Amino acid sequence: MSEKNEFGWGPATGVGSMPGGDARETAKTVTGSFEDFPHLAELPARGPGADMIGRTIGMLVEMYAHVEPSGWRVSDRPGRDTRRARSWLGEDLDALEEFTQGYEGPLKVQAVGPWTLAAALELRGGEAALGDPGACRDLVGSLAEGLRDHLADVRRRVPGARILLQLDEPSLTAVLRGQVRTASGYRTYRAVDRQIVESALREVIGAADGPVTVHSCAPDVPFALLRRAGVAGVSFDFDLLTERDGESIGEAVEAGTKLFAGVVPSTDTALSDPAGSVMGVRTLWRRLGLNPGTLAESLVITPTCGLAGASPAYARAALTHCVRAARSLADNPE
């Protein structure tokens, strides 16, 4: 087995966000559902600073931002919005720590990756950092340093856990294709060179001092670029795969890259039986000529995206369904 997979991943986990605003109740639900692979949940319903962009901005070192009607904008000093983001993260970490006493196993935490952050964070003039190469470099350095501190804090709080960092990069494909719109909305920022994108990701991944997976619930996830950047896993919405993704998936599996397959809908719907949820995965494996016996060790089952838009009852059901679907895959890979 490749070194990447010696981490000892659990069979199923969440993507990140959950509905509601009660940190303790959410931590209890997540750790109770994913006994083998819990994650630190985000609760964006609490407001700006609890969203994934605001949370990650709160982690930055010597870089600050505040909320404008258009989104997060760079500031000279930490203000109320940054303090609130840090306070909510602390609250979520306290709750996770409480419900992971004595836990020894994989634990996933999430932060926004450098390119989605650059597309979302406005400079003082209102344009995104994405349009300024110098600002992008500063952002990458600040994020890498901030993540080092954050991960060290998580390790102190849950000392028995093996920490996996997930970088959320839903805007990555749009950045690579020059599809991110400017403030006016009338034009787009120039596509960023693939080598620059890869290099920035590699710097942030290197700061983690442990395995990193990248999540995107957008179409056309750049699997090959992410593998070159050094990811241990790629997390994606399985429903958005097309036939042209097949070769990249096959290469990733053979290279030992873990696939976090989003197969359980992330908004309220009637759930199929667990075996039905992973039928597409089995079909893909057969089409690619991969050994069915490798299915369970190659995959982690997740919802298609974060669950912030779901009802609390559905979110709990979806987490349970992920675990049952993963068990179905392990028990009957054919």
Side-chain angles (χ1 to χ4, degrees), residues 15-17 42 44-45 47-60 63-77 79-82 85 110-143 167-201 203-204 214-226 229 236-237 239-242 244-245 266-267 304-306 308-309:
V15 170
S17 66
E42 298 144 2
D51 58 301
M52 68 179 195
I53 297 292
R55 165 168 287 189
T56 303
I57 284 170
M59 296 178 192
L60 297 177
M63 212 168 178
Y64 314 106
H66 64 278
V67 178
E68 292 277 344
S70 52
W72 286 88
R73 184 171 295 183
V74 166
S75 303
D76 291 326
R77 61 184 65 84
R80 180 185 60 192
D81 297 327
T82 302
Q110 306 83 226
V112 175
W115 294 107
T116 296
L117 200 57
L121 179 60
E122 299 174 0
L123 301 179
R124 287 174 182 81
E127 291 294 346
L130 183 64
D132 183 330
C136 287
R137 285 192 296 272
D138 291 346
L139 191 56
V140 169
S142 176
L143 177 61
L167 294 174
D168 290 311
E169 281 283 17
S171 300
L172 182 58
T173 301
V175 167
L176 288 164
R177 292 182 173 175
Q179 295 172 338
V180 178
R181 295 204 168 275
T182 59
S184 69
Y186 293 123
R187 59 185 188 87
T188 57
Y189 295 104
R190 178 181 295 175
V192 181
D193 182 271
R194 296 181 82 84
Q195 287 184 310
I196 293 173
V197 169
E198 188 182 320
S199 174
L201 285 167
E203 181 177 340
V204 175
V214 168
H215 168 74
S216 174
C217 46
D220 299 320
V221 176
F223 286 92
L225 182 151
L226 294 174
F236 55 95
D237 181 341
D239 290 341
L240 297 180
L241 291 182
T242 63
R244 67 174 176 270
D245 292 313
S266 53
T267 51
T304 54
C305 206

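Computation of the quantities below employed the complete heavy-atom set of this structure, encompassing side-chain atoms and omitting hydrogens, waters and symmetry-equivalent molecules. Since we're looking at a predicted model, the values are computed, not measured.
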Checking Val67 against Trp72 for the side-chain contact (heavy atoms from CB on, under 4.5 Å) test, could you report, in this order, the C-alpha distance in whole Å, the side-chain angles of both residues, the deciding distance, and whether it holds? CA-CA 5 Å; Val67 178; Trp72 286 88; 3.6 Å; yes
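- Distance alone, capped at 3.5 Å, places no donor-acceptor pair between the Thr56 side chain and the Ala111 backbone.
- Checked against side chain to side chain contact (heavy atoms under 4.5 Å, CB included), Val180 has the following partners two or more places apart in sequence or in another chain: Ala119, Leu130, Ala174, Val175, Tyr189.
- Side-chain contact between Glu42 and Arg55 is present, with heavy atoms from C-beta onward closer than 4.5 Å.
- Between the side chain of Trp115 and the backbone N or O of Val197 there is at least one donor-acceptor pair closer than 3.5 Å.
- A donor-acceptor contact shorter than 3.5 Å is absent between the side chain of Ser199 and the backbone of Gln195.
- Checking side-chain atoms of Thr182 against main-chain N and O of Arg187 turns up a donor-acceptor pair under 3.5 Å.
- Residue Val192 comes nearest to Leu176 through the heavy atom pair O-CD2, 4.1 Å, listed as atom of the first residue, atom of the second, then distance.
- Ile53 is not listed as a side-chain neighbour of Leu121, based on a closest heavy-atom distance of 4.5 Å or more.
- No side-chain heavy atom of His215 sits under 4.5 Å from any side-chain heavy atom of Pro170.
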Ile57/Val112 under side-chain contact (heavy atoms from CB on, under 4.5 Å): CA gap, chis, key distance, verdict: CA-CA 9 Å; Ile57 284 170; Val112 175; over 6 Å; no
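- Looking only at distances, no side-chain donor or acceptor of Asp138 sits under 3.5 Å from a matching main-chain atom of Cys136.
- The backbone N or O of Ala183 sits less than 3.5 Å from a side-chain atom of Glu127, completing a donor-acceptor pair.
- Asp51 places no side-chain N or O within 3.5 Å of a backbone atom of Pro48 that could act as its donor or acceptor partner.
- Looking only at side-chain heavy atoms (C-beta outward), Leu226 and Leu172 come within less than 4.5 Å of each other.
- Counting heavy atoms from C-beta outward, Pro222 and Arg194 have side chains that approach closer than 4.5 Å.
- Scored by the side chain to side chain contact (heavy atoms under 4.5 Å, CB included) test, Arg73 finds His66, Glu68, Ser70, Glu122 as partners (sequence neighbours excluded).
- Counting heavy atoms from C-beta on, the side chains of Gln110 and Val15 never come closer than 4.5 Å.
- For the pair Thr116 (side chain) and Ser171 (backbone), a donor-acceptor distance under 3.5 Å is present.
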